[in-house]
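Below: one structure, written as C-alpha cells.
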2 protein chains.
Amino acid sequence: MNPTKTAGGRREQILREAARLFAERGFHGVGVDEIGAAVGISGPGLYRHFAGKDAMLAELLVGISDRLLTAGRMRVAETDDPVAALDALIRGHIDFAIDDRPLITLHDRELDRLRESDRKLVRQLQRQYVEEWVGVVRRVYPRATELEARAAVHAVFGLINSTPHLGARSSVPDRAAMAALLRRLALGALATLDDGLPWTAPRTDR
Amino acid sequence: MNPTKTAGGRREQILREAARLFAERGFHGVGVDEIGAAVGISGPGLYRHFAGKDAMLAELLVGISDRLLTAGRMRVAETDDPVAALDALIRGHIDFAIDDRPLITLHDRELDRLRESDRKLVRQLQRQYVEEWVGVVRRVYPRATELEARAAVHAVFGLINSTPHLGARSSVPDRAAMAALLRRLALGALATLDDGLPWTAPRTDR
DNA sequence: CCCGGATGTTAGCGAGCGTTAACGTGATGA
DNA sequence: TCATCACGTTAACGCTCGCTAACATCCGGG
C-alpha cells in the first residue's frame, strides 16, 4: 500500500482538479472528459471513483461546509473571550479563503446545482456556521440587532471571499500581507456595529 | 408608438428576465425556452430580438459595467472633496447592488462565458471602474499603498455585493436600513487604511 | 385592398455531454 | 495457476439544447 498513491489519494486528486475546473468555468461549463484529462485518465474512468459528476460537486460542497463549521466551532470553543473568538473566526475564514480559493468560489456559486437532499444539507451546515458567527458578533457588539449582526456577518464573508476575484496576478500582496489586510478590513467593518444608531458621516476635517 | 410596449421595451423585458434566470441558475443552467416562457413567448421567438443566448449575456454584462463606470465617474466629478466622492461611490454602488441584484451577481460570476472580444471589453470597463475607486481611496487614505488600496476596494465590492446572498427572506432589513448598514460597514472597513502600519488587535477591555 | 415588415409559432437538425456497456490488464493471494 | 479485484480503455446510446427553416398572423400605409 503506497500511502501517496492509494485509492483515497486518487479520489482527492480528482476532487482537487474538479474543484479548480468548476471554479474556473462553472459546473455546467466543464465536461467529465476535461476532469479526467486533468488527472491523467480519460472520461468515463472517473466513474470508478464517483457515481457521477453531481456526486463530485456534492462531495466538494458538503466537505467545505462541514470543514468550515467544524473549524469555526472549535475556534469558538477554545476561548471564553468573545473578542478573541471573533478574531479567531476571522483569521480562520481568511486562511480558508486564501488557501482554498476554488472551494470558496464554488461554495456560494454552484449550490443550486445539487440534488435537493444535498443542497439541504449544505444549507444547514452553512446556516449553522453563520449562527456561530452571529452569536459571537452579538456578544462583542451587544448594541447591534439580530438582523444587523446577520447582515454584517454576510457582508464580512463577502469581504473576505473577495480574495479569489483578484486573480493570481503579480499585483496582489503576498499571503501574509493579504491576510493581515483582510483582517483589518473585517475588524474595521464590524467595529461600526458598536456605534450609536444614527451613525455619522465621515468627517471631512482630517 | 406606445412608449410602454414598444420594441425596445420588449428587449428590455427579455434582458430583465434573462438576468434573473441567469443569476438564479447560471448561464448554462438556463435554456432559451425558459427565457422565452418568462416573457410569454416560446423558445426561438427570442431570435427576433437577439442574435443568440450569448448576445443576451454580453449585452447584460457590458451594460452593467458601462453603467457602473459612467455613474461612478459622474459622482466623482461632481465634487472636489475626496471624502464626499468616496461616500458617493459607496452609496452609488450600494444602490446598484440592492436594486439590480441579478446583474451584480452575473457581473462577477459569468464573465468567462463571453466571447473573447466582449470579455475584454467588460474587463476593461471593470478595471477603469476599480481605478476610479482606487484613485479616490488613495486621496482619502494617502498612507495606504497602491496594492493595499486596490485589495481594499475589491474587498469593499465583495462586502457590498454580499446583499444578494441574503435571499429575499423576511429576515432581511428594509432597503433604507440595509443601505445604511452597508455604508457604515464599508466606511468602517476603509477607515482602517488610515491607521499606522502595525495594526493593533481589537482591545479586549470594552 | 393588399403589400410588407415586425413578431410569433412549430418542426427538426446537429452537436455536445453524461452515462453505460463491454472489454483489457496487471497485481494479489489462495 | 488461475480466479479476483482494482482500475482503465473505447464505443455508443440517449437526451438536452442552441439554433435554423418554414410557415402564420397582425397591422399600418399607399
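Reminder, nothing fancy here: chain letters follow the sequence lines and each chain counts from 1. Not measured: the values here are computed from a predicted model. What's counted below: heavy atoms across the whole structure, side chains too, no hydrogens, waters or symmetry copies.
Contact check on B/Glu78 versus B/Arg75 returns no salt bridge, with no Lys/Arg side-chain nitrogen under 4.0 Å from an Asp/Glu carboxylate oxygen.
Computed from coordinates, the A/His28 NE2 to C/dG16 P distance equals 18 Å when rounded to whole Å. One can place CZ of A/Phe27 at 15 Å from C1' of C/dG16, the figure rounded to the nearest angstrom. Taking atom OH of A/Tyr47 as the reference point, atom P of D/dT10 lies 16 Å away to the nearest angstrom. Look at CG on A/Asp33: it is 12 Å from C1' on D/dT9, rounded to the nearest Å.
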side-chain contact (heavy atoms from CB on, under 4.5 Å) evaluation trace for B/His107 with B/Gln126: CA-CA 9 Å; B/His107 186 245; B/Gln126 285 182 348; 3.0 Å; yes

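In this structure, CZ in A/Arg20 is found 12.0 Å from CG in A/Leu106, a value given to the nearest 0.5 Å. The CD1 atom of A/Ile94 lies 11.0 Å from the CD1 atom of A/Ile104; values are rounded to the nearest 0.5 Å.
For the residue pair B/Gln13/B/Arg16, the side-chain donor-acceptor check at 3.5 Å is not satisfied.
Counting any heavy atom pair closer than 4.0 Å across all strands shown, B/Val30 reaches sugar-phosphate atoms only and no base atom.
The aromatic rings of B/His93 and B/Phe157 sit parallel to each other, their planes meeting at less than 30°, with 60° as the upper class boundary.
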Enumerate all atom pairs, one protein N or O and one N or O from nucleotides 8-11 of chain C, separated by less than 3.5 Å.
{"unit_1": "C/dG8", "atom_1": "OP1", "unit_2": "B/Arg10", "atom_2": "NE", "d": "3.0"}
{"unit_1": "C/dG8", "atom_1": "OP1", "unit_2": "B/Arg10", "atom_2": "NH2", "d": "3.0"}
{"unit_1": "C/dG8", "atom_1": "OP2", "unit_2": "B/His49", "atom_2": "NE2", "d": "2.6"}
{"unit_1": "C/dG8", "atom_1": "N7", "unit_2": "B/Arg48", "atom_2": "NE", "d": "3.1"}
{"unit_1": "C/dG8", "atom_1": "O6", "unit_2": "B/Arg48", "atom_2": "NH2", "d": "2.3"}
{"unit_1": "C/dT9", "atom_1": "OP2", "unit_2": "B/Ser42", "atom_2": "N", "d": "2.9"}
{"unit_1": "C/dT9", "atom_1": "OP2", "unit_2": "B/Ser42", "atom_2": "O", "d": "3.4"}

